[in-house]
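Data first, discussion second: the structure below is written as structure tokens.
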Amino acid sequence: MQEGAGHSAAPPSSSADRLRVLDVKPLRSLKPIFPPSNQAPPLVCASPHGPFPANYASFYPFYIPPLPPEPEPPEHPEMPPTWAAAAPTPIRSFTTPGSSDATEMENGDKEPLRAGRKRASPVRASGSSQKRGTKTSFVRTAGTFEIPMSSFDSETGNREMTNYVLTTFDGLRRRLSQWEDAKEAPGGIIRRADLKASNLLMTQGLRTNSKKRVGPVPGVEIGDIFFFRMEMCLVGLHTQSMSGIDYMMVRGEIEEEPIALSVVSSGYYDDDAEDKDILIYSGQGGAMSKPGKQASDQKLEKGNLALERSMHRANEVRVIRGIPDAVNPNSKVYVYDGMYIIQQSWMEKVKTGANTFKYKLVRIPGQPDAFGVWKMIQRWKEDLNSRSGLIIPDLTSGSENVAVSLVNEVDDEKGPSHFTYLSTLKYSRPFSVLHSSYECSCSNACKPGNLNCSCIRKNGGDFPYTANGVLVNRRPLVYECSPSCPCSPNCKNRVSQGGPKLRLEVFKTTNRGWGLRCCDPIRAGTFICEYAGEVIDKDRMKWKADEREIDEYIFDTSRVYAQFKWNYEAGLLDDENSSASSEEYGIPSPLYISAKEFGNVSRFMNHSCYPNVFWQPVTYGTSNESYLHIAFYAKKHIPPMTELTCDYGVVPEDSIGSAYRKRKCICGSLNCHGYFGL
DNA sequence: GGTCCTTCAAGGTT
DNA sequence: CAACCTTGAAGGAC
């Protein structure tokens with residue numbers, strides 16, 4: 001199966017005085033802004049006039065006229081529909097009366113934050129002319145969002161909204177982290193980009209499932225992973241920023257009583273979380289809640305009382321398992337493990353001598369494995385032989401730093417057809433000399449914010465990666481440090497070099513040949529692998545087309561790729577003259593890579609019209625020339641053992657490769673294009 | 001609707 | 001690396 005490529009150029013983003021905004025303490029000014037895209041007519045939306053529940057500000061970022069054909073519910077949980085699928089025609093502007101032309105700043109904005117705001121900002125809030133808390137209108141524009149705008153309901157969500165909220169959150173979070181890394185945040189240091197980002201979204205009402213509920217949360221699926229507590233708050237899975245027990249008041253037999261909605265188990269208390277179907281959860285308060293203070297007995301109140309009541313009512317409780325992140329030892333991964341029932345409760349004297357409540361939660365049978373998958377992978381790690389369907393422990397034969405296993409749990413095929421494993425690109429002859437090579441003069445690792453570093457300057461002054469190696473933004477071209485740069489090999493600007501660092505696995509799918517997946521949880525923006533193979537030139541491409549040679553392993557940057565938005569595009573965050581950070585790729589000339597004879601794990605990645613991986617051109621040099629590479633990054637958080645897929649693109653009719661037939665797509669997503677290019 | 005308080009964070013430092 | 005320290009914001013309680 002194949003892959004494809006994109007094209008087109010864009011100016012590098014600039015980075016001048018954009019940070020002044022961070023001076024403003026409440027940061028209310030940093031509201032998300034979605035500049036109109038040149039791809040689609042801007043969508044102007046306005047909030048209806050309520051009434052709204054008391055606890056949230058009205059906010060309708062998007063409005064779409066009612067759609068005649070209601071899409072079928074997705075069969076594949078990972079494949080939400082997009083608005084594009086549901087609304088093939090351009091979306092027209094829509095504005096509700098009364099909110100059309102607000103020009104005032106929002107209350108609380110003391111001054112214009114930046115000169116370009118008036119011009120650049122398509123977003124205006126007209127809060128000041130109305131009584132707070134009654135009506136607040138927002139006008140928004142949105143460009144080419146993959147994220148659906150068929151509905152925005154902050155009370156009740158769906159898969160589209162969760163994806164939208166999480167993508168926005170993480171894009172903003174990465175951007176704030178980038179500034180923090182570069183020490184570019186004046187006055188206000190952003191120590192906690194996660195909190196800052198979520199605070200901004202919360203303030204804007206950009207959240208979903210804000211209404212508390214017992215049971216499943218629309219748009220959140222069992223097995224979904226999160227890297228911050230705030231992510232779970234924003235999508236309504238667990239709305240406590242720190243507390244482990246989320247609950248709500250309901251009418252009881254006599255009076256109102258609390259019932260538990262969800263719990264997060266992350267090892268702070270002495271929980272027993274070894275069994276994949278059973279969780280012994282400790283109550284809150286008392287013993288450990290006040291470090292340094294004398295431990296005290298827990299009381300039957302708040303969350304503890306809620307768990308107790310929920311046990312008697314036998315209502316289901318969502319369980320989120322917090323697990324140390326092997327990739328980032330400092331942080332945790334939260335796995336949504338589905339519904340549990342509280343079977344038992346008791347009081348126990350713990351080591352500190354304090355009485356602690358304990359609750360035995362048992363997983364409701366019949367749910368897909370989530371935490372169970374993690375436990376399974378852990379077992380494989382301890383004993384590779386316990387892995388069923390294992391054919392080869394390392395199909396790269398040591399070519400990569402991390403072994404890539406080959407498994408087939410589906411049938412008895414023993415492996416894909418022959419190819420030679422090659423861990424990087426092979427330029428058979430001089431090709432794609434982008435420009436003269438560049439190199440920095442940094443003595444140690446290149447430091448974000450150091451504009452003396454010419455590699456950083458190449459990236460418009462931005463360090464492309466956060467401190468933990470996550471790509472901040474998609475951009476025309478990522479300039480990494482070259483082997484010839486004097487900076488140390490562990491310089492953070494070499495993320496895509498040196499091959500995969502995650503435990504990838506080539507496996508047999510049920511209906512589309514071999515595929516690629518990963519045993520590790522993957523954070524959005526993480527580098528996964530590059531597309532290795534032989535670089536071929538235009539003549540060779542033409543020859544292949546003329547000869548009708550079927551090469552399913554071509555990567556072609558000149559194909560047309562589905563547009564999507566990944567960066568946090570806040571006009572406020574960037575210099576007014578930069579069109580924010582462009583997600584259009586800029587490559588001087590098309591690059592064709594064939595992985596038919598020589599290739600790495602990337603050649604096994606299948607196509608999806610709703611992929612979880614995207615490609616990004618990256619360049620770095622060898623001796624005195626710079627070469628282009630195609631690197632794959634995670635588009636969103638990807639749970640372990642989820643198939644990795646990317647967009648193969650479509651071959652334009654007039655291109656060299658158009659002699660190839662189109663291939664029927666079986667990705668199963670609602671917005672499936674029906675075919676992809678080959 | 002404030003204001004105080006609690007809270008199974010997240011990072012950093014030692 | 002575990003223990004400790006610092007900063008931090010949501011939501012509940014009153």
Side-chain angles (χ1 to χ4, degrees), chain A residues 25-28 53-57 131-134 169 173 176-177 180-181 183 185 188-203 205 207 210-212 226-250 256-273 279-293 295-296 298-299 301-307 317-326 328-335 337 350 356-359 361 466-468 523:
Chain A
K25 199 27 187 170
L27 273 170
R28 306 224 33 213
N55 61 344
Y56 86 108
K131 285 207 170 126
R132 287 206 157 270
T134 54
F169 165 81
R173 199 206 107 248
L176 295 171
S177 296
E180 171 63 10
D181 291 346
K183 311 254 186 304
I189 301 167
I190 309 165
R191 264 175 266 263
R192 291 284 304 272
D194 58 321
L195 294 184
K196 197 63 74 188
S198 65
N199 176 252
L200 287 166
L201 299 205
M202 290 263 184
T203 309
R207 61 191 298 183
S210 61
K211 187 177 178 180
K212 292 195 176 213
F226 304 87
F227 288 83
F228 295 94
R229 288 286 298 259
M230 293 311 302
E231 292 181 320
M232 296 186 283
C233 292
L234 287 166
V235 300
L237 179 63
H238 184 86
T239 63
Q240 298 291 329
S241 59
M242 292 185 77
S243 180
I245 307 167
D246 197 8
Y247 58 95
M248 68 186 283
M249 302 301 289
V250 297
E256 289 228 314
E257 60 181 16
I259 55 168
L261 307 175
S262 54
V263 297
V264 178
S265 166
S266 57
Y268 181 73
Y269 286 87
D270 195 18
D271 296 341
D272 183 349
L279 173 65
I280 309 296
Y281 194 84
S282 307
Q284 64 188 182
M288 317 193 50
S289 62
K290 296 167 192 147
K293 284 198 176 180
S296 57
Q298 291 185 343
K299 296 177 191 142
E301 58 182 15
K302 300 179 184 174
N304 301 342
L305 183 60
L307 287 168
V317 176
R318 301 185 292 269
V319 166
I320 296 109
R321 308 262 196 164
I323 303 167
D325 183 2
N328 292 296
N330 291 336
S331 62
K332 278 185 198 117
V333 190
Y334 299 95
V335 184
D337 199 34
V350 293
T356 307
F357 288 101
K358 294 282 182 180
Y359 300 89
L361 286 84
T466 64
N468 57 9
R523 212 186 261 239

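Naming convention: chains lettered A, B, ... in sequence-line order (proteins, then strands); numbering from 1 in each chain.
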Which of these passes side-chain contact (heavy atoms from CB on, under 4.5 Å) with Val263(A): Asp246(A), Ile320(A), Leu361(A)? Leu361(A)

Rounded to the nearest angstrom, tell me the gap between atom [atom1] in [X] and atom [atom2] in [N].
X         : N       : atom1 : atom2 : result
Arg191(A) : dC5(C)  : CZ    : C1'   : 12 Å
His238(A) : dA9(B)  : NE2   : C1'   : 12 Å
Ile245(A) : dA10(C) : CD1   : C1'   : 16 Å
Ile190(A) : dA9(B)  : CD1   : P     : 22 Å
Gln298(A) : dT6(B)  : CD    : C1'   : 13 Å
Met242(A) : dT7(C)  : CE    : P     : 14 Å
Leu176(A) : dT7(C)  : CG    : P     : 19 Å
Met232(A) : dA9(C)  : CE    : C1'   : 15 Å

So which atom in [X] and which in [Y] form the shortest heavy-atom distance, rounded to 0.1 Å?
X         : Y         : value
Tyr334(A) : Ser266(A) : CE2-CB, 4.3 Å
Arg229(A) : Gln240(A) : NH2-O, 3.1 Å
Gly283(A) : Gln298(A) : O-NE2, 2.8 Å
His238(A) : Gly244(A) : CE1-O, 3.2 Å
Ala260(A) : Leu307(A) : CB-CD2, 3.6 Å
Asp270(A) : Lys358(A) : O-NZ, 3.0 Å

Checking contacts here: which listed nucleotide ([options]) is nearest the side-chain heavy atoms of [X]?
X         : options                  : answer
Gln240(A) : dG11(C), dA10(C), dG8(C) : dG11(C)
Lys212(A) : dA10(C), dG12(C), dC8(B) : dG12(C)
Gln284(A) : dC8(B), dG8(C), dA10(C)  : dC8(B)
Ser241(A) : dC8(B), dG12(C), dA9(C)  : dA9(C)
Tyr334(A) : dA10(B), dA9(C), dC8(B)  : dA10(B)

Record whether the side chain of Arg192(A) comes under 3.5 Å of the base of dA9(B) through a donor-acceptor pair of N or O atoms. yes

On DNA chain C, nearest-nucleotide positions of Asp246(A) versus Pro329(A): which is more 5'? Pro329(A)

Within the 4.0 Å heavy-atom criterion, would you say [X] contacts the bases, only the backbone, or no part of the nucleic acid?
X         : answer
Asp271(A) : base
Thr239(A) : sugar-phosphate
Phe228(A) : sugar-phosphate

Ring centroids of Tyr281(A) and dC8(B) base under 5.5 Å with planes under 30°: yes

Between Asp194(A) and Glu301(A), whichever has its closest DNA chain B nucleotide further toward 5' is Glu301(A)

Quick check on [N]: is either OP1 or OP2 less than 4.0 Å from any side-chain nitrogen or oxygen of [X]?
X         : N       : value
Tyr268(A) : dA3(C)  : no
Lys196(A) : dA9(C)  : yes
Lys302(A) : dA13(C) : no

Stems where DNA chain C pairs, listed by first number, each of three or more Watson-Crick or G-U pairs under 3.5 Å: B:2-7 with C:9-14, B:9-14 with C:2-7

Backbone N or O of Asn304(A) within a donor-acceptor pair of the Tyr359(A) side chain at under 3.5 Å? yes

